[in-house]
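Each chain gets a letter, A, B and so on, in the order its sequence line appears, and its residues count up from 1.
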Amino acid sequence: MISTKNILLVKDNPQDEMLTLRALRRANLANHIDVVRDGQQALDYLFREGEFIEREDLGLPAMVLLDIGLPRLSGLEVLERLRSDMRTKLLPVIILTSSDEECDRLKSYENHANSFVRKPVDFTEFAESVGRLGVYWLAINEPPPGR
Amino acid sequence: MNARLALAVLLPIVACVVQWLLWDMFKPYAWFLFIPTVFLSAWVGGLVGGLVATVICSLLAWYIFIPPVFSFSQDNPASVFSIVIFIFTGSLFSFFFDQLQRSKRRANEALATAESANEKISQLYQKLKEAQRLASVGNWAWDIQSDTHIWSEEVYHIYGRDPALPPAVYPEVQEYFTPESWAELSAAVEKSLSKGVPYECDAEIIRPSNCSRRWIAARGEATRDINGNIVNLQGTVQDITERKRVEQALRESEERLAVIINSAMDGVISVDEQQRIRLFNPAAGQMFGLSMAEAIGQPLSRLIPERFHSAHEGHIRNFAHTGMTARRMGVLGEISGIRTNGEEFSVEASISQSTIAGCKLFTVILRDITERKQAQDEILRLNADLERRVIERTAELTAANRELDSFAYAVAHDLRAPLRAMSGFSHALQEDYGHQLQGEAMTFLEQISLASRKMSDLVDGLLTLSRSTSGGLQYDLVDISALSKRLLVELAQSEHERHVKVEVEAGLQAQCDARMVEAVMRNLLGNAWKYTAHVAEPSIRVYAEERDNAHFFCVADNGAGFDMAHANRLFKPFQRLHRQDEFPGIGIGLATVQRIVNRHAGAIEARGELGKGATFCFTLSDTPVALAQET
């Protein structure tokens, strides 16, 4: 069964955002996609704090596509916070980044990222990767049991 | 002696017989043959023989030849008188010859005694000569009245004068002496001649034979007659050249020693057992601000700050008991001296002990190390400064490196996003509005995509290059044969259609960083793969080479090769020897390879020929190069 829950995209580059959204759309995913632009916003969104205190409680998103290079809090810091919080400990988080630094990959996995995907520069490849990601996490993968 | 006696007795009998036979001739001289017989007997038989012959002759003459013959009766007074006279004469002969013989014997004895005495004298003379030769002492005498000189042989020898010549007389003997010595010696001799005082002086002579110079000790004394007049001068000369030479050497040695001590830069101070200063050289004087005259006899404690007094005395006492001849002082701590103006200064000292003429002497050699200590302090300060600066620089370098890393990171991350946007939006344009585009518009869009992909490759290459020089190296034993095979399989899988003959030598291994060396092999094999693309029968070979005392790993291909004239550009980043349309690439692979090899303290070299392939050989050292980045 395909999850109908939201997808949270954390990305500070609007062009990347547009292309990611386009790729997801082209993969025929109907899920609503929320976009936040920095690490702090991501945490606020997920914990419904700060500017998102008024946000309707629709439960956690089906997955978070998290970039690493983000203003304020980096993606890795966000991941660390999410994993140290009981509410988001099991939330599927996919690191989607341009970085191919080993240390980033290592830290991501150490902080229990569910997946680490390097964004290819070539759009065709990129679109394919993002589309597969969406399909995998929303349709193939079984999410952790919700509480 | 009995034979003589028998002859003395026999002679009278023979005479008696002869006279009896010739009696007619001799008659009436009864004593005619007896008188010479008695004489002969006395000569031959001495006193006893003479007397016995006298008695026998007188009796024979009396009985046989003096009338009345054959009778001893006698009444002729003349005959009696002749008998008496004969006996008297015979006795006289006997006594005379006896005396003569005695005298002769005595004379012989005296002669013998004289001869043995002569012998002894001659022996003594030889001994004296020998003794004089051994002692190099000769004696001489000068009889002033007769002006005769006597020299012993050794005097000749000492002066080097021909022994066949007579002794040199005074004052002609002057020719043997140096003028200075003669002045001194002649004055002494004259004084002795006039006042009778003995003299003794050393003089230098020059042997005329070979002009060699000798030193003699000349001694002399005068003898007076009973009237007190000086009649004789005698004395000795002794060759003391050797002694003089030793004395001279000793004096020179002492002078040298004195010069050394006096000119030494270090202070030299000797103290006796009572710690009184016995020797104090100028350097010590300068050090302590004390003249030698002031220092000699002073207690050593005057030169030492008061608080060290007891400790110092203890040290010297201990040292005296060690039996060591020398040692460094200050082993137990720093030593200080005090100048007369009260200023204290640091010294370095060594002490030695010696016993001279039964007295113990401690000699201390001192060096004022105030300046050295200042220099040392300065060095320490500079060192600390240097260390601090090194730490600062290291920190700066580390920071700079970190900055560079984050820069590379940013490049990786941030350069890719616009590239992706270019690629993505041109693609979107193509997809969404492709049907509206005409002419070359589609080609242009493709070019944008191509350019962004190319740029992406460049970014990747730059990152690899930057990573090849940062981060620590992890040394492991790497199986280069296996690694090469794996990489070649990967290459083969990426291009199924190509058939490349590969050959990998078994057992190649090295101590190195596995991932770095994988990057090296990936680049080299990737190049080999790429540049053999247009060859009919491509082949790639991986093997080891031993030469120049080094172990080389080599990757050889039979591809496009390169012109050795441009070999120096091979390893420079972004430098390429082939056009993009021949062989695409960004020109960063070999630069990365060289950096990694360099970090392994190795070397890389390339051999090639245009159209005939290329060979790249590199070495790896077991010990990596220390890099500032690896902090």
Side-chain angles (χ1 to χ4, degrees), chain A residues 9-28 35 37-39 65-79 95-108 116-131 133, chain B residues 401-402 404-434 445-468 470-474 513-516 518-519 586 629:
Chain A
L9 179 63
V10 189
K11 200 162 273 296
D12 75 322
N13 183 331
Q15 293 168 334
D16 252 8
E17 176 197 322
M18 283 170 70
L19 290 171
T20 310
L21 291 178
R22 180 183 167 92
L24 286 171
R25 244 192 347 262
R26 286 169 62 92
N28 295 321
V35 180
R37 297 289 166 85
D38 67 46
L65 295 172
L66 183 61
D67 203 350
I68 288 181
L70 293 172
R72 291 163 83 185
L73 283 177
S74 81
L76 290 170
E77 285 169 306
V78 171
L79 179 62
I95 303 291
L96 186 64
T97 177
S98 310
S99 167
D100 58 351
E101 291 288 331
E102 271 188 19
C103 63
D104 283 344
R105 213 157 69 207
L106 184 66
K107 274 185 192 151
S108 300
F116 186 99
V117 178
R118 201 190 144 201
K119 289 184 277 187
V121 168
D122 185 82
F123 180 73
T124 319
E125 284 174 50
F126 176 69
E128 204 175 310
S129 302
V130 172
L133 260 181
Chain B
N401 272 326
R402 230 172 257 143
L404 208 62
D405 283 349
S406 55
F407 173 74
Y409 183 90
V411 164
H413 202 261
D414 296 345
L415 279 189
R416 276 181 186 136
L419 288 175
R420 205 163 34 245
M422 282 159 66
S423 162
F425 287 114
S426 56
H427 203 269
L429 196 60
Q430 220 173 325
E431 279 183 347
D432 296 356
Y433 303 99
L445 279 176
E446 272 164 22
Q447 288 304 315
I448 294 174
S449 276
L450 266 178
S452 55
R453 202 175 307 137
K454 171 81 191 301
M455 176 99 180
S456 166
D457 288 346
L458 274 171
V459 169
D460 288 350
L462 273 176
L463 273 173
T464 316
L465 183 67
S466 127
R467 279 181 202 140
S468 66
S470 65
L473 295 181
Q474 268 204 316
D513 184 294
R515 284 180 316 151
M516 293 275 188
E518 181 175 335
I586 52 170
Q629 286 100 311

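- Contacts with chain B (heavy atom to heavy atom, under 4.5 Å) involve these residues of residues 11-19 of chain A, listed by number: A/Asn13, A/Gln15, A/Asp16, A/Met18, A/Leu19.
- At a threshold of 4.0 Å, the pair A/Arg25-B/Asp432 does not count as salt-bridged, since none of the basic side-chain nitrogens sits closer than that to a carboxylate oxygen.
- Contact between A/Ser98 and B/Arg420 at its shortest, heavy atoms only, is OG-NH2, 2.9 Å.
- By a heavy-atom distance cut of under 4.5 Å, B/Ser423, B/Gly424, B/Phe425, B/His427, B/Ala428 are the residues of residues 422-429 of chain B near chain A, going up by number.
- In plain terms, the two heavy atoms of B/Ser452 and A/Val121 that are nearest each other are O-CG1, 4.0 Å.
- Every side chain to side chain contact (heavy atoms under 4.5 Å, CB included) that A/Val10 has, sequence neighbours left out, goes to A/Leu8, A/Val36, A/Ala42, A/Val64, A/Leu66, A/Leu70.
- With sequence neighbours excluded, the residues satisfying salt bridge (charged side-chain N to carboxylate O under 4.0 Å, His left out) with B/Arg453 are A/Asp122.
- Separating the CD atom in B/Glu431 from the CZ atom in A/Phe123 is a distance of 6.0 Å, to the nearest 0.5 Å.
- More than 12 heavy atoms of other shown residues, nucleotides or ligands fall within 6.0 angstrom of atom CZ in A/Arg118.
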